[in-house]
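Hydrogens, waters and symmetry mates are skipped; everything else that's a heavy atom, side chains included, is used. For reference, positions follow the sequence shown, starting with 1. Here the structure is a predicted model, which means the values were calculated and not measured.
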Amino acid sequence: MLLTACGSDEPTTNPPANSGSAGSSSSAAGGSGLKIGLAYDIGGRGDKSFNDSAAAGLDAAKKKYGLADADVKELEAAQGEAEADKEARLTQLADNGFTSIIAVGFAYANAIKAVVPKYPNVKFAIIDDNSVQAPNLADLTFAEEQGSFLVGAIAALKSTKHHVGFIGGVNVSLIQKFQAGFDAGAKAADPSVKLENKYLTQPPDFGGFNDPTKGETAANGIYDAGADVIFAAAGGSGSGVFKAAKAKGALAIGTDSDQYQSAAPDVKDVVISSMLKRVDVAVGKFIDSVKDGSFKAGNTIFDLKAGGVDYSTSGGKIDDIKAKVDDFKQKIIDGSITVPTK
């Protein structure tokens with residue numbers, strides 16, 4: 001079940017002057033009533049991880065509702081950009097008549113707080129943040145710790161050295177949830193396992209989500225310390241972890257998307273699983289809710305029970321342990337296991 005904290009689902013009736021175009025243009029959107037704007041996090045479409053999962057949800061909605069190219073607009077973030085740039089990106093989408101706008105990533109929280117009240121006739125969604133509440137804002141968050149518990153178990157069960165590692169892109173509370181779940185899952189599967197943890201950057205430097213070189217260097221250090229499986233929760237930096245795993249004859253676990261499917265052909269054989277964070281599902285459900293009039297403000301948590309997180313089996317490399325992992329999964333769903341978030 002989705003756990004939804006519902007706010008008012010009716011927009012304010014007196015929009016400010018600068019929201020007029022956004023409030024009046026949706027009916028012309030290819031006959032569907034939808035005009036969708038999507039603002040990516042660092043890495044954008046093509047990161048083979050977090051942003052690509054959001055893009056998949058947008059692509060599916062475009063096909064489902066027969067949207068024309070003019071009905072959809074995608075804008076990308078720049079490395080090291082100012083907070084004002086994020087605000088300007090959301091404002092540009094609203095001013096150009098896009099009436100369903102999705103901000104991909106918690107980095108947009110301050111921009112959302114500033115922009116959303118100015119456009120009450122626009123429905124907004126933000127991924128990975130619930131710090132801002134507004135009657136026209138859906139906060140879409142995930143139980144990352146639950147999916148990470150499962151890949152932690154996978155790492156421990158597949159390790160021959162009883163030694164595994166975690167690499168986070170940026171040391172923020174969201175990525176700490178990944179680590180907490182991973183560590184707990186590894187210990188549940190093998191109480192004797194040794195854990196290595198490394199973050200690529202510290203805020204306000206968010207470059208750790210898109211720096212394969214840093215990912216490769218960190219992974220080399222963990223493999224050299226004795227680990228033989230690493231879980232990378234680091235966005236585009238994960239490709240560097242896969243490269244290191246290949247060079248060291250080790251294994252790796254991806255995140256967000258099924259990275260066995262998207263990894264470069266020369267390294268995909270090291271990817272034994274991925275922690276699936278179904279941003280595509282969240283994006284699709286938000287768009288559906290706008291289309292059918294069921295939009296609700298407030299926070300929706302996409303957990304294991306809701307299909308918001310999971311693990312991948314592509315490549316058949318964990319077929320021998322799938323029953324054990326699924327047993328952990330069921331215990332999380334039915335409440336017998338409570339996964340820590342820190």
*Determine, for Asp224 against Lys248, whether the closest basic-nitrogen to carboxylate-oxygen distance falls under 4.0 angstrom.*
yes
*asked:* Quick one: does any side-chain atom of Arg89 pair with a main-chain N or O of Glu76 as donor and acceptor, under 3.5 Å?
replied: yes
*Please report the shortest heavy-atom distance between Leu157 and Ala189, naming the atom on each side.*
CG-CB, 3.9 Å
*Would Ile222 end up clustered with Val267 when hydrophobic side chains under 4.5 Å apart are linked, directly or stepwise?*
no
*Does one hydrophobic cluster hold both Met275 and Phe242, with members joined at side-chain heavy-atom distances below 4.5 Å?*
no
*asked:* I'd like to know if the side chain of Asp129 and the backbone of Ala109 have a donor-acceptor N/O pair within less than 3.5 Å.
replied: no
*Side-chain donor/acceptor of Ser237 to backbone N/O of Gly215, under 3.5 Å*: no
*Passing candidate, side chain to side chain contact (heavy atoms under 4.5 Å, CB included) with Lys322, options Asp327, Ile154, Thr313*: Thr313
*Salt bridge between Asp69 and Lys62, side-chain N to carboxylate O under 4.0 Å?*
yes
*Will you find, in the side chains of Glu87 and Asn110, an N or O donor that is under 3.5 Å from an N or O acceptor?*
no
_Show the nearest heavy-atom pair for residues Val309 and Gly147, with the distance to one decimal._
CG2-N, 3.8 Å
_Quick check on Lys187: does its NZ atom have over 12 non-hydrogen neighbours (other residues, nucleotides or ligands) under 6.0 Å away?_
yes
*Would you call Val241 and Gln259 a side-chain contact if the rule is heavy atoms closer than 4.5 Å?*
no
*Atom OG1 in Thr300, atom CZ in Phe142: separation rounded to 0.5 Å?*
10.0 Å
*Shared hydrophobic cluster, Ile321 / Val271 (ILVMFWY, side-chain heavy atoms < 4.5 Å)*: no
_Lys158, NZ atom: more than 12 neighbouring heavy atoms under 6.0 Å_ = yes
*Under a 4.0 Å N-O cut-off, is there an ion pair linking Asp269 with Lys317?*
no
_Basic-acidic side-chain contact under 4.0 Å: Asp310, Lys329_ = yes
*Do Lys86 and Glu81 sit within salt-bridge range, that is, some charged N less than 4.0 Å from a carboxylate O?*
yes
*Could you walk me through whether Asp266 and Lys246 pass side-chain contact (heavy atoms from CB on, under 4.5 Å), step by step?*
CA-CA 8 Å; Asp266 61 328; Lys246 182 70 173 182; 5.6 Å; no
*asked:* In this structure, is the centre-to-centre distance between the rings of Phe166 and Phe178 below 6.0 Å?
replied: no
*Output the distance between atom CD (Gln179) and atom CD1 (Ile167), rounded to the nearest 0.5 Å.*
11.5 Å
*Looking at side-chain heavy atoms only, is the closest gap between Tyr65 and Asp71 below 4.5 Å?*
no
_I'd like to know if the side chain of Thr217 and the backbone of Lys214 have a donor-acceptor N/O pair within less than 3.5 Å._
no
*Side chain to side chain, Phe302 and Arg278, heavy atoms closer than 4.5 Å*: no
*asked:* Nearest 0.5 Å, please: how far is CD in Glu145 from OG1 in Thr338?
replied: 10.0 Å
_Interatomic distance, Asn197 atom CG to Ile175 atom CD1 [nearest 0.5 angstrom]_ = 13.0 Å
*Would you find a donor on one side and an acceptor on the other, under 3.5 Å apart, between the side chain of Thr255 and the backbone of Ala233?*
no
*Hey, does the side chain of Ser159 reach the backbone of Ala155 with a donor-acceptor pair shorter than 3.5 angstrom?*
no
*Given Gln92 and Phe98, is the side-chain contact (heavy atoms from CB on, under 4.5 Å) satisfied, shown in steps?*
CA-CA 9 Å; Gln92 177 186 339; Phe98 293 92; over 6 Å; no
_Within the structure provided, determine whether Thr99 and Asn121 are in side-chain contact (heavy-atom separation under 4.5 Å)._
no
*Test Val132 against Ile126 for side-chain contact (heavy atoms from CB on, under 4.5 Å), laying out the working first.*
CA-CA 9 Å; Val132 183; Ile126 182 169; over 6 Å; no
*Working to the nearest 0.5 Å, report the span between CG of Leu58 and CD1 of Ile36.*
6.0 Å
*So if you build clusters from Ile, Leu, Val, Met, Phe, Trp, Tyr with side-chain heavy-atom gaps below 4.5 Å, do Ile332 and Phe182 land together?*
yes
_Please check: side-chain N/O of Ser53 versus main-chain N/O of Ser257, any donor-acceptor pairing under 3.5 Å?_
no
*Taking atom types as modelled, find out whether Asp128 and Tyr108 have a side-chain donor-acceptor pair closer than 3.5 angstrom.*
no
_Let me confirm one number: the CG-CG distance from Asp288 to Leu34, rounded to the nearest 0.5 Å._
9.0 Å
*Begin with the C-alpha distance, continue with both residues' side-chain angles, and end with the deciding distance and a verdict on side-chain contact (heavy atoms from CB on, under 4.5 Å) for Val164 and Phe231.*
CA-CA 8 Å; Val164 302; Phe231 172 38; over 6 Å; no
_Let me check something: do Val104 and Leu276 share a hydrophobic cluster, defined by ILVMFWY side-chain heavy atoms less than 4.5 Å apart, either directly or through other members?_
no
*asked:* Closer than 3.5 angstrom, by distance alone: can the side chain of Asn136 be matched with the main-chain N or O of Val122 as a donor-acceptor pair?
replied: yes
_If you define the side chain from C-beta out and look only at heavy atoms, does anything of Asp47 sit under 4.5 Å from Tyr40?_
no
*Would a distance-only check, ignoring hydrogens and angles, find a side-chain to backbone donor-acceptor pair under 3.5 Å from Thr341 to Lys177?*
no
*Compare all side-chain heavy atoms of Tyr119 with those of Leu90 and state whether any distance is below 4.5 angstrom.*
no
*If we only count heavy atoms from C-beta on, is the Tyr311 to Ile253 side-chain gap below 4.5 Å?*
no
_Under a 3.5 Å distance rule, please check whether Glu144 uses its side chain to pair with a backbone N or O of Thr141 as donor and acceptor._
no
*In this structure, are over 12 heavy atoms from other groups packed under 6.0 Å from Lys113 atom NZ?*
no
*Check: Gln146 and Ile333 side chains under 4.5 Å, non-hydrogen atoms*: no
